[in-house]
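Take a look at the structure below.
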Amino acid sequence: QVQLDESGGGLVQAGGSLRLSCTTSGRTFTIKQMGWFRLAPGKEREFVAAISWSGDSTFYSDSVKDRFIISRDNARGAVHLYMNSLKPEDTAVYYCAADNQNGDAYMAWNYEYWGQGTQVTVSS
């Protein structure tokens, strides 16, 4: 089993920045890639970004590309999501996920483990 714990959400004004963190524990040696997804009221869960466990490969949705950066913290076994130029439409609960099968990074169903989520609210 892998445990994931997100932190760093909060309330920010449009144009501001936040950093989300996801710490891992348990059988982390099984992890092949990590992803961030978000769920906004009335919408379906949306892929945000993903990174290979080695950190060599990153993936972004078109809606956050050039504004968000995903990175690995190898020393802490953590993944960070740096969110810049935030917009009200970025408001959602953000979830960290881990995949131990190295499937399609964009697809939520490929991820076996999920965190509890952290709320991000961007005011206009």
Side-chain angles (χ1 to χ4, degrees):
Q1 293 290 322
V2 173
Q3 292 78 44
L4 306 175
D5 187 22
E6 302 104 332
S7 61
L11 173 65
V12 64
Q13 288 187 332
S17 300
L18 280 176
R19 186 189 80 163
L20 303 184
S21 296
C22 177
T23 56
T24 63
S25 60
R27 297 170 61 87
T28 59
F29 61 89
T30 64
I31 298 174
K32 298 296 189 293
Q33 61 189 349
M34 299 284 295
W36 286 96
F37 291 78
R38 64 188 182 187
L39 182 62
K43 295 185 179 181
E44 295 186 354
R45 183 167 48 187
E46 177 188 13
F47 169 79
V48 177
I51 187 168
S52 60
W53 195 238
S54 65
D56 292 343
S57 300
T58 57
F59 310 87
Y60 296 94
S61 70
D62 289 340
S63 61
V64 307
K65 192 176 182 180
D66 298 328
R67 297 189 298 123
F68 292 10
I69 298 172
I70 189 170
S71 69
R72 280 271 291 124
D73 183 340
N74 291 329
R76 294 178 173 82
V79 173
H80 304 297
L81 185 67
Y82 297 86
M83 305 187 296
N84 303 305
S85 301
L86 283 162
K87 305 174 181 180
E89 50 264 43
D90 294 318
T91 295
V93 177
Y94 283 70
Y95 295 90
C96 174
D99 169 27
N100 63 6
Q101 300 294 325
N102 207 26
D104 189 330
Y106 296 89
M107 305 304 293
W109 53 264
N110 270 319
Y111 293 81
E112 291 77 24
Y113 304 103
W114 293 81
Q116 79 287 353
T118 184
Q119 177 71 47
V120 171
T121 303
V122 184
S123 62
S124 56

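Side-chain atoms of Glu89 and Val122, non-hydrogen and from C-beta on, never get closer than 4.5 Å to each other. Between Leu18 and Leu86, some side-chain heavy-atom pair lies under the 4.5 Å cut-off. Residues Asn84 and Phe68 fail the side-chain proximity criterion, which asks for heavy atoms closer than 4.5 Å. Taking the side chain as every heavy atom from C-beta outward, Ser71 and Tyr82 approach each other to under 4.5 Å. Met34 places a side-chain heavy atom less than 4.5 Å from the side chain of Leu4.
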side-chain contact (heavy atoms from CB on, under 4.5 Å) between Leu11 and Gln119, intermediate numbers included: CA-CA 8 Å; Leu11 173 65; Gln119 177 71 47; over 6 Å; no
Between Val120 and Met83, is the side-chain contact (heavy atoms from CB on, under 4.5 Å) condition met? List the steps. CA-CA 10 Å; Val120 171; Met83 305 187 296; 3.8 Å; yes
Leu20 and Thr118: side-chain contact (heavy atoms from CB on, under 4.5 Å), yes or no, with the steps? CA-CA 8 Å; Leu20 303 184; Thr118 184; 4.0 Å; yes
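Across all their heavy atoms, Val93 and Gly117 have their closest contact at CG1-CA, 3.8 Å. In plain terms, the two heavy atoms of Leu81 and Tyr94 that are nearest each other are CD2-CD2, 4.3 Å. When all heavy atoms of Ser85 and Ser17 are compared, the pair lying nearest together is N-OG, 4.3 Å. A pairwise comparison of heavy atoms in Cys96 and Glu6 identifies N-OE2, 2.7 Å as the closest pair.
Tyr111 is linked by a ring-ring contact (aromatic ring centres under 6.0 Å, His included) to Phe37, counting only residues two or more places apart in sequence or in another chain. Here Ser52 pairs with Ser54 under the side chain to side chain donor-acceptor pair (under 3.5 Å) rule; sequence neighbours left out. Every ring-ring contact (aromatic ring centres under 6.0 Å, His included) that Tyr106 has, sequence neighbours left out, goes to Phe47, Phe59. Partners of Arg76 under the salt bridge (charged side-chain N to carboxylate O under 4.0 Å, His left out) rule, at least two apart in sequence or in another chain, are Asp73.
When hydrophobic clusters are built by joining Ile, Leu, Val, Met, Phe, Trp and Tyr residues whose side-chain heavy atoms come closer than 4.5 Å, directly or via intermediates, Tyr95 is not grouped with Trp36. Note: the hydrophobic cluster containing Val12 also contains Val64 (ILVMFWY, side chain heavy atoms under 4.5 Å, direct or indirect links). Val2 and Trp114 are not part of a single hydrophobic cluster, where members link through side-chain heavy atoms under 4.5 Å apart.
Checking His80 against Ser21 by side-chain atom types alone, a donor-acceptor pair falls below 3.5 Å. A donor-acceptor contact under 3.5 angstrom links the side chains of Glu46 and Ser63, judged on distance only.
Sorted pairs that involve residues 94-120 and meet salt bridge (Lys or Arg N to Asp or Glu O under 4.0 Å), not counting sequence neighbours, are lacking altogether. Screening residues 19-32 for salt bridge (Lys or Arg N to Asp or Glu O under 4.0 Å), with sequence neighbours left out, gives no hits.
Of the candidates Thr28, Asn100, Asn102, Trp53 forms a side chain to side chain contact (heavy atoms under 4.5 Å, CB included) with just one, namely Thr28.
Within a 6.0 Å radius of CD in Gln116, other residues, nucleotides and ligands contribute more than 12 heavy atoms.
Atom CD1 of Ile51 sits about 12.0 Å away from atom SG of Cys22, to the nearest 0.5 Å. To the nearest 0.5 Å, atom CZ of residue Arg72 and atom CD of residue Gln33 are 12.0 Å apart. Here CD of Gln3 is found 6.5 Å from CD of Gln1. Values are rounded to the nearest 0.5 Å.
A donor-acceptor pair is defined here as one N or O able to donate and one able to accept, closer than 3.5 Å; such a pair exists between the side chain of Thr91 and the backbone of Pro88. Proximity of a side-chain donor or acceptor of Thr23 to a complementary backbone N or O of Ala78 within less than 3.5 Å is not detected.
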